[in-house]
Protein chains: 2
Amino acid sequence: MISANEYFDGQVKSLGYKSETGNSTVGVMEPGEYEFGTSTHETMIVVEGEMMVKLPGETDWSTYKAGSSYQIEANQKFQVKVANQTAYLCQYK
Amino acid sequence: MISANEYFDGQVKSLGYKSETGNSTVGVMEPGEYEFGTSTHETMIVVEGEMMVKLPGETDWSTYKAGSSYQIEANQKFQVKVANQTAYLCQYK
């Protein structure tokens, strides 16, 4: 089953599925600034577009373009800013 | 606006958005065999999982793994088989 998810009043939408190695979502973010929280370790991969990310414990924002990725430990919060509609893959494992 | 789309009774779901270079969708396919038709040139990129594809005019199936891509001209039909839930990016331009 492919789950359809919405966050921040539809500003972020995702599709959940099972890959061969665990749970994943592909999603799209509207321009804006968001705070996400993790319950498991997550690997975020920018599929198309660009994200500015403030990783847990960091004070500076880092830019991640299409093809690049970053990792977040479980039970952490992180901030994301996007200037244009941006697509991502998130792997939960 | 992020559009949410469903095809083949929900077996294929996608999210539509505008990238800096044109229209795109990210989507997920359930295991199965599908025939798609194009109205514009499309570039399909496998994001996670694997697709077997019979390109227009071909008799053989080709396998496309995560990170690989293929192109379809406008107004063509092509067949796709997936054995596991598979995520893709489609660029329409």
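Letters A, B, ... mirror the listed sequences (proteins, then strands); counts begin at 1. As the structure is a prediction and not an experimental result, all values here were calculated from the model.
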Could you grab the distance from atom CG of A:Leu55 to atom CD of A:Glu73, nearest 0.5 Å is fine?
11.0 Å
Taking the side chain as C-beta and beyond, is there a heavy-atom pair between B:Tyr92 and B:Thr25 under 4.5 Å?
yes
At a heavy-atom distance under 4.5 Å, which candidate from B:Lys18, B:Glu6, B:Gln11 has the highest pair count against chain A?
B:Lys18
Which residues in residues 35-54 of chain A have any heavy atom lying under 4.5 Å from a heavy atom of chain B?
A:Val47, A:Glu48
Give me the atom names and distance for the closest heavy-atom approach of A:Asn5 to A:Gly16.
ND2-N, 3.8 Å
Where B:Val28 and A:Tyr17 come nearest, the two heavy atoms and their spacing
CG2-CD2, 3.6 Å
Which atoms of B:Gln91 come close to chain A, meaning under 4.5 Å heavy atom to heavy atom: side chain ones, backbone ones, both, or neither?
side chain
Any chance CD of B:Glu20 has more than 12 other-residue heavy atoms, nucleotides or ligands included, within less than 6.0 Å?
no
Under a 4.5 Å cut-off applied to non-hydrogen side-chain atoms, are B:Tyr70 and B:Phe78 in contact?
yes
Who among B:Leu89, B:Ile2, B:Thr21 has the most heavy-atom pairs with chain A under 4.5 Å?
B:Ile2
With rounding to the nearest 0.5 Å, note down the distance linking NZ in B:Lys13 to OG in A:Ser14.
11.0 Å
